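Everything below concerns the one structure shown next.
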Amino acid sequence: MKCTICKKPAIIKLRHANLQLCPEHLVARVEKVVAETIRKFKMFTPEERILVAVSGGKDSLALWEVLAKLGYRADGVYLDLGIGGYSARSREYSEEFARSRGLTLHVVPVRRELGAGIDELVKIARGKPCSLCGTVKRYLLNRVALEGGYDVLATGHNLDDEAATLLGNVLRWEEGYLARQYPVLPGEGKLVRRVKPLVFLSEREIAAYCIVSGIRYIYEECPHAAGARSIVLKHVLNELEDRYPGTKLQFLRGFLKVRDRFRPPEPVELHYCPSCGMPTTSEGPCRFCRLKERVAREALRVTGNDAAA
Ligand code: Q46
Ligand code: ZN
Ligand code: ZN
């Protein structure tokens, strides 16, 4: 198999793009697609400060690498979620990457901010892990970006993630979510702008980019991901992609063209949490503060029981 561009040995075949690429041209393609996506969606300017949400996985580390190589001012934030040994291992990969590139990484332990890590929170609040984790991540990432004076928060969502989210939203006709599914979510008040520069790159090419660029990343999945609906949706899309190359890209690009037709049922009014001052969609304490309160109550209950024993 030869590179479509230079005829040297190719390491990857991208059927959806009709390309076979050698390491050099794969790197060039990934960086070009990211640069074009940033420009097309006016994600940020070279002067702005970017905070990359880093998980230790291939997508976020590749994103950080590309932004740094393109000359953007990008720091990273790693939320230590407190998920078994998985969190400790993914933190090591994130720290090693930052160290090797001389980049700044903020490490924020969720346990310090909330009083409990995700594993403990799941037991206390008895909710679905990914729903609880999503609330905590959204809140803390926004707060860290805001308090650090960053203009924009960048996440490593790739084409496979976006297509799966889109399919999930379409299957349930979630008009509100469809209206908000876009590579850029503008900032508003204390909500920092969010961007997803990797949405037009597939998981496979990002993994190959990491290998070629010497980026070491965590292969294992979060233990809570096993039963997630998104895994099933990705599987279905992979079957379709196999038979009809380009399905995911066409699905996402087509949606972005007609997306304006979806309007949220009613505009979401932002309130500010009386406890922490951060934005929330409901009146009264935000969901993060309510979870924090619950964790604190549980800690008191346990200490009370211990004292009585
Ligand atoms: S980290 Fe958190 Fe994910 Fe683990 S608990 Fe679910 S949401 S799967 S990206
Ligand atoms: Zn080549
Ligand atoms: Zn709050």
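Both ligands and their constituent atoms are indexed starting at 1 by order of listing. FYI, side chains are in, hydrogens and waters are out, and symmetry mates aren't considered; it's all heavy atoms of this structure. Everything numeric in this text was worked out from a predicted model, so none of it was measured.
In this structure, Lys248 and Ser202 have side chains that are not in contact, with every pair of non-hydrogen atoms separated by 4.5 Å or more. Under the 4.5 Å side-chain criterion, counting only non-hydrogen atoms from C-beta, Glu241 is not in contact with Asp160. The side-chain heavy atoms of Cys276 and Phe288, taken from C-beta on, include no pair separated by under 4.5 Å.
Checked for salt-bridge contact, Glu298 and Arg301 meet the test: a charged N lies under 4.0 Å from a carboxylate O.
For atom 9 (S) of ligand 1, the nearest protein heavy atom (residue, atom name, distance) is Lys137 NZ, 3.4 Å.
When atom types are taken as modelled, the side chain of Glu120 and the backbone of Gly117 share a donor-acceptor pair closer than 3.5 angstrom. Ser90 contributes a side-chain N or O that, together with a main-chain N or O of Ser87, makes up a donor-acceptor pair within less than 3.5 Å. The closest donor-acceptor contact from the side chain of Arg49 to the backbone of Gly148 lies under 3.5 Å.
Take a cut-off of 2.8 Å around the Zn ion (ligand 3): the protein N, O or S atoms inside it are Cys273 SG, Cys276 SG, Cys286 SG, Cys289 SG. For atom 4 (Fe) of ligand 1, protein N/O/S neighbours under 2.8 Å (waters excluded) are Cys222 SG.
For CD of Glu48, the number of neighbouring non-hydrogen atoms (other residues, nucleotides, ligands) closer than 6.0 Å is greater than 12.
When each of Leu256, Val199, Val195 is tested with Phe41 by the rule side chain to side chain contact (heavy atoms under 4.5 Å, CB included), just one qualifies, namely Leu256.
Judged by the 6.0 Å distance and 45° axis criteria, Arg253 is positioned over the aromatic ring of Phe200.
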